[in-house]
Amino acid sequence: MVDAISMTLIKVNESGELPISSIPSPAVEPPKRPEWGDFSCNVAMTLASKVKQSPLKVAEILATTLLTQFPELFKQVDVAPPGFLNFTLHPICWIDVLRTIERHGSSYGTSQIGKGSSILLEFVSANPTGPLHVGHGRGAALGQAMASLLTASGYAVSREFYINDAGRQLQLLGRSVYARYREFLGKDSTFPEDGYHGDYIKELAESFAHSHGETLLEQPPDEAVAVAAQAASQILLDRIEEDLALFGVKFETWFSETTLHSKGLVQKTLDELRERDLAKEEDGALWFRSSEFGDDKDRVVKKQDGSYTYLAADMAYHRDKLDRGFDTLVNIWGADHHGYIPRMTATVQAFGHEKESLRVVLVQMVSLSRGTQKIEMSKRSGEFVTLREVVEEVGSDAAKFFFLMRRADTHLDFDLELAKQQSSDNPVYYVQYAHARLASVFRVAQERGVPLPTIEDVDASLLLGADELGLIKTLAQYPFILEGSALALEPHRVTFYLQELAAQLHAYYNKHRVLPAAENAVKSEDRPQEDGATTNGKASTVGHESTNTQLTPDVTAARLALLRQVQTVLRNGLTLLGISAPEKM
RNA sequence: GCGCCCGUAGCUCAGUUGGAUAGAGCAUCGGCCUUCUAAGCCGGUGGCCACUGGUUCAAGUCCAGUCGGGCGCACCA
């Protein structure tokens with residue numbers, strides 16, 4: 001398609017009809033309205049000013065040349081103001097799409113645009129100081145879908161969870177648990193000012209009292225707190241891993257912040273900064289000259305008291321990621337961390353990498369509701385809805401779909417009532433139902449001894465009606481949706497596509513019968529079909545004079561073959577998002 | 001004060017990286033099952049794309065400014 005246009009451009013240039021100094025690469029896209037054909041191209045308008053002719057004139061020249069050059073491909077090439085070229089292919093060309101889907105099956109839609117380039121995808125990375133909440137769930141669903149999407153597009157993806165198991169938060173956890181532990185044993189205790197208030201802290205403390213008895217009381221508080229912190233974070237981390245597994249999210253690596261310190265990598269990172277003359281001593285602290293790379297100001301990495309800042313550890317972490325040889329680092333962060341991006345891109349550049357090698361996807365907050373009733377959440381009081389609770393209530397399919405329904409950088413309203421509803425209002429069921437419905441048709445077909453044909457077995461000319469072609473064209477888009485979605489790191493595009501395809505399928509299903517009625521075999525009729533494709537010479541069974549299509553065995557076979565491909569694409573898309581494609585509902 | 005994100009139908013949001021007459025779903029009103037799953041379909045109602053200016057053949061999309069909402073601005077993590 002694009003090649004045809006490029007060749008034509010070269011031809012008209014050589015023949016002198018249009019003197020083009022440089023041949024542009026034409027942009028071809030499906031037009032907004034079906035009446036405008038199968039593809040449209042704007043190259044005439046971009047060229048018009050260069051060749052000093054009106055866009056319409058340029059388009060005319062290209063259109064006639066294209067049509068005479070490629071008669072077997074184009075049925076029609078139209079020119080529309082202000083200078084669009086609209087192409088209509090011979091309908092029969094579209095049948096190739098179905099053959100492609102049938103041939104590739106579950107791999108239909110995958111590509112190699114990533115060319116094997118390696119990506120480290122870091123997401124969730126919740127502190128092991130409490131259970132995962134819904135916000136983490138959104139990040140988890142997004143990361144998981146993104147990983148599948150990128151893998152399907154030819155990238156080598158590795159998923160990683162960064163464990164913040166060093167520093168103040170963990171100490172606070174230890175002090176919280178220790179305080180509850182003393183409380184439980186009837187000793188006096190002072191709960192830390194901004195400690196963790198959730199009930200899970202009490203549970204941890206109690207189980208701690210059972211396993212350790214009163215032994216911790218005999219230790220100095222500092223040591224006891226450290227022991228409590230260690231034990232509690234390990235348990236909480238295990239639960240996080242469990243919750244994620246339950247949600248269908250897995251990581252190749254769990255990277256512990258502590259190992260950065262124990263291996264001396266933080267100090268090494270700062271040493272390297274000095275070597276590169278990107279560090280400075282000031283006010284008794286060590287600073288990273290991040291402003292050299294566009295940050296607002298320089299940042300402290302080693303405090304006056306000699307301890308490292310969080311940034312220092314994070315710099316060491318990102319340096320380590322790059323040292324492991326990844327081409328691109330993708331981080332999924334909560335939107336409240338956006339101010340951190342300049343620091344991190346500065347880090348990447350400080351160690352000699354392009355700033356494009358770090359891509360940060362920001363995820364906005366999730367607010368929960370039941371119908372119109374909002375559910376208040378406050379982390380301070382420890383009253384927030386956990387991911388596990390949501391998954392148990394609405395199921396992991398619905399949870400994932402809802403998390404992936406919106407662009408990452410917009411607020412998400414998650415309606416628990418809606419997610420549980422089994423109706424067309426619920427987009428998850430809507431898409432899954434389309435898949436199950438088709439499965440049911442195939443089941444009934446087999447029960448009645450109707451064979452399930454392949455595309456090669458059927459009379460393809462029976463699939464050239466407007467509704468059939470509409471479905472086929474949507475199926476043809478799928479690989480492009482995946483590609484765009486992967487490049488932009490936007491899985492929500494796949495969710496929207498699936499809803500569109502499902503809608504089209506449901507409409508088709510309601511309008512056209514596939515199997516003959518159970519008792520009296522051939523009496524069923526479709527509603528009038530649009531004229532057009534049926535004028536194609538081969539379509540002998542499609543009565544040109546009659547506006548109705550008889551549901552002959554040939555028609556049944558052709559439609560079955562078409563619908564199998566629809567089902568394949570529905571299944572591929574759902575699977576990619578980590579959502580099940582049920583055979584029955 | 002500075003920086004980032006957002007502003008599209010009554011509500012929740014898409015908008016193919018600058019294209020033609022801006023689209024869905026919800027809500028609301030009215031239809032469609034003796035037949036392959038009604039967890040479905042068909043039709044009606046709804047818009048100053050926050051505002052102003054600029055860039056060009058073309059702006060919801062890019063740039064500048066204004067207004068409004070959210071979030072950041074630590075030798076915290």
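Here the structure is a predicted model, which is why all the values come from computation and not from measurement. First the proteins, then the strands, lettered A, B, ... as listed; each starts at 1. Just the heavy atoms: all of them, side chains too, but no hydrogens, waters or symmetry mates, feed the values below.
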>> Applying a 4.0 Å non-hydrogen cut-off, can you work out what A:T410 is touching in the nucleic acid: base, sugar-phosphate, or nothing?
In response: sugar-phosphate
> Residues in side chain to side chain donor-acceptor pair (under 3.5 Å) with A:Y497, at least two apart?
Replying inline: none
Between the protein and nucleotides 69-72 of chain B, which nitrogen or oxygen pairs are less than 3.5 angstrom apart?
residue	atom	partner	partner atom	Å
B:rC71	O2	A:H338	NE2	2.8

> Partners of A:E483 by side-chain contact (heavy atoms from CB on, under 4.5 Å), sequence neighbours excluded?
Replying inline: A:I113, A:L487
> RNA chain B: A:F39 or A:D409, which has the more 5' nearest nucleotide?
Replying inline: A:D409
>> Once salt bridge (Lys or Arg N to Asp or Glu O under 4.0 Å) is applied, what residue pairs with a partner in residues 302-316 of chain A remain, sequence neighbours excluded?
In response: none
>> At 4.0 Å (heavy atoms only), tell me whether A:K302 reaches a base, stays on the sugar-phosphate, or touches nothing.
In response: nothing
> How would you list, by chain and number, every residue that makes a side chain to side chain donor-acceptor pair (under 3.5 Å) with A:R407, sequence neighbours excluded?
Replying inline: A:D409
> Hey, does A:V444 reach any base, or is it just sugar-phosphate, or nothing, if we go heavy atoms under 4.0 Å?
Replying inline: sugar-phosphate
> Counting any heavy atom closer than 4.0 Å, what does A:D283 reach on the DNA or RNA strands: base, sugar-phosphate only, or nothing?
Replying inline: base
> What's the base orientation of B:rU37: syn (chi within 90° of 0) or anti?
Replying inline: anti
>> Stacking between A:Y430 and B:rA39, defined as ring centres under 5.5 angstrom apart with planes under 30°, is that present or not?
In response: no
> Reckon A:Q304 touches a base, only the sugar-phosphate, or nothing at all at heavy-atom distances under 4.0 Å?
Replying inline: base
> What parts of residues 474-498 of chain A reach RNA chain B, counting only heavy atoms under 4.0 Å away?
Replying inline: A:A488, A:H492, A:F496
>> Give me the stems containing RNA chain B, sorted by first residue, counting only three or more consecutive Watson-Crick or G-U pairs with both distances under 3.5 Å; say none if there aren't any.
In response: B:1-5 with B:69-73, B:10-13 with B:23-26, B:28-32 with B:40-44, B:50-54 with B:62-66
> Is it the case that more than 12 heavy atoms not belonging to A:K473 sit under 6.0 Å from its NZ atom?
Replying inline: yes
>> For the backbone of A:H506 and the side chain of A:N510, can you confirm whether one donor and one acceptor N or O come within less than 3.5 Å of each other?
In response: yes
Please tabulate, for the side chains in residues 333-346 of chain A, all donor-acceptor contacts under 3.5 angstrom to protein atoms that are two or more places apart in sequence or on a different chain.
residue	atom	partner	partner atom	Å
A:T345	OG1	A:I341	O	3.0
A:T345	OG1	A:P342	O	3.0

>> Please report the distance separating the P of B:rC6 from the corresponding atom of B:rC71, rounded so that it comes out in whole Å.
In response: 16 Å
>> Of the options B:rC75, B:rA20, B:rC36, whose atoms approach the side-chain atoms of A:R448 most closely?
In response: B:rC36
> Taking A:T556 for the side chain and A:V514 for the main chain, is one N or O donor matched with an acceptor at less than 3.5 Å?
Replying inline: yes
> Between atom CD in A:Q499 and atom P in B:rC26, what is the gap in whole Å?
Replying inline: 11 Å
> Which residues pass the side chain to side chain donor-acceptor pair (under 3.5 Å) test with A:N86, sequence neighbours left out?
Replying inline: none
>> Nearest whole Å is fine: how far is B:rC75 C1' from A:K297 NZ?
In response: 11 Å
> When the distance from OH of A:Y196 to C1' of B:rC76 is rounded to whole Å, what number comes out?
Replying inline: 11 Å
> Atom CG of A:L368 and atom C1' of B:rU12: how far apart are they, to the nearest Å?
Replying inline: 15 Å
>> What's A:E447 touching, base or sugar-phosphate or nothing? Going by heavy atoms closer than 4.0 Å.
In response: nothing
> Could you state the CZ-C1' distance from A:R406 to B:rC26, rounded to the nearest angstrom?
Replying inline: 11 Å
> Does any N or O donor sit under 3.5 Å from an N or O acceptor when you compare the side chain of A:N86 with the base of B:rA20?
Replying inline: yes
>> Suppose you measure atom P in B:rC26 against the same atom in B:rG68; what distance do you get, rounded to whole Å?
In response: 35 Å
>> I need the CD-P distance between A:Q504 and B:rA24, as an integer number of Å.
In response: 12 Å
>> Aromatic contact between A:F414 and A:F402, with the criterion being ring centroids under 6.0 Å apart: yes or no?
In response: yes
> Can you find an N or O donor on one side and an acceptor on the other, under 3.5 Å apart, linking the side chain of A:N42 with the base of B:rG19?
Replying inline: yes
> Applying ring pair (Phe, Tyr, Trp, His ring centres under 6.0 Å), which residue pairs with at least one partner in residues 289-317 of chain A are found, sequence neighbours left out?
Replying inline: A:Y162-A:Y317, A:F255-A:Y317
>> Rounding to an integer number of angstrom, what distance separates B:rC73 and B:rC63 when you compare their C1' atoms?
In response: 26 Å
> Any side-chain N or O of A:R437 less than 4.0 Å from the OP1 or OP2 oxygen of B:rA38?
Replying inline: yes
> Which value, in whole Å, describes the distance between the C1' atoms of nucleotides B:rA39 and B:rG3?
Replying inline: 47 Å
> When all nucleic acid strands are considered with a 4.0 Å heavy-atom cut-off, which category describes A:A80: base, sugar-phosphate, or nothing?
Replying inline: base
> Taking the side chain of A:T309 as heavy atoms from C-beta outward, which of B:rU37, B:rA77, B:rC13 is closest to it?
Replying inline: B:rA77
> What's the NZ-P distance between A:K511 and B:rA38, to the nearest Å?
Replying inline: 18 Å
> Taking everything shown except A:M405 itself, do over 12 heavy atoms lie less than 6.0 Å from its CE?
Replying inline: yes
> Does B:rG19 have A:F84 stacked on its base, where the ring centres are within less than 5.5 Å and the planes differ by under 30°?
Replying inline: no
>> Please give the distance between the P atoms of B:rG43 and B:rA59 as a whole number of Å.
In response: 32 Å
Can you name the atoms? Protein N/O to nucleotides 54-61 of chain B N/O, anything below 3.5 Å, with the distance.
none

> How far apart are the closest heavy atoms of A:V330 and A:L489, and which atoms are they?
Replying inline: CG1-CD1, 4.1 Å
> Do A:Q432 and A:D397 meet the criterion of a side-chain donor-acceptor pair at a distance under 3.5 Å?
Replying inline: yes
>> Which residues pass the side chain to side chain donor-acceptor pair (under 3.5 Å) test with A:T568, not counting sequence neighbours?
In response: none
> Of all the choices, B:rA20, B:rG15, B:rC13, which nucleotide is nearest to the side chain of A:R407 once you look at every atom?
Replying inline: B:rG15
> How far does the P atom of B:rG60 sit from the matching atom of B:rG23, given to the nearest Å?
Replying inline: 13 Å
> With rounding to whole Å, what would you report as the distance between B:rG25 and B:rA64 at their P atoms?
Replying inline: 36 Å
>> Regarding B:rA20, can its base be found pairing with the side chain of A:S40 as donor and acceptor, where the two atoms are less than 3.5 Å apart?
In response: yes
> What distance, rounded to whole Å, do you find between the two C1' atoms, one in B:rC67 and one in B:rU52?
Replying inline: 11 Å
> A:V28 and side-chain contact (heavy atoms from CB on, under 4.5 Å): which partner among A:V43, A:I5, A:N42, A:L85?
Replying inline: A:I5
> Rounded to the nearest 0.5 Å, how far apart are CZ of A:F442 and CG of A:L452?
Replying inline: 6.5 Å
>> Need the glycosidic conformation of B:rC62: syn if within 90° of 0, anti if not. Which one?
In response: anti
> Taking the nucleotide of RNA chain B with the closest heavy atom to each, which residue, A:A436 or A:H506, is nearer the 5' end?
Replying inline: A:A436
> To the nearest Å, how far apart are A:Y433 OH and B:rA39 P?
Replying inline: 5 Å
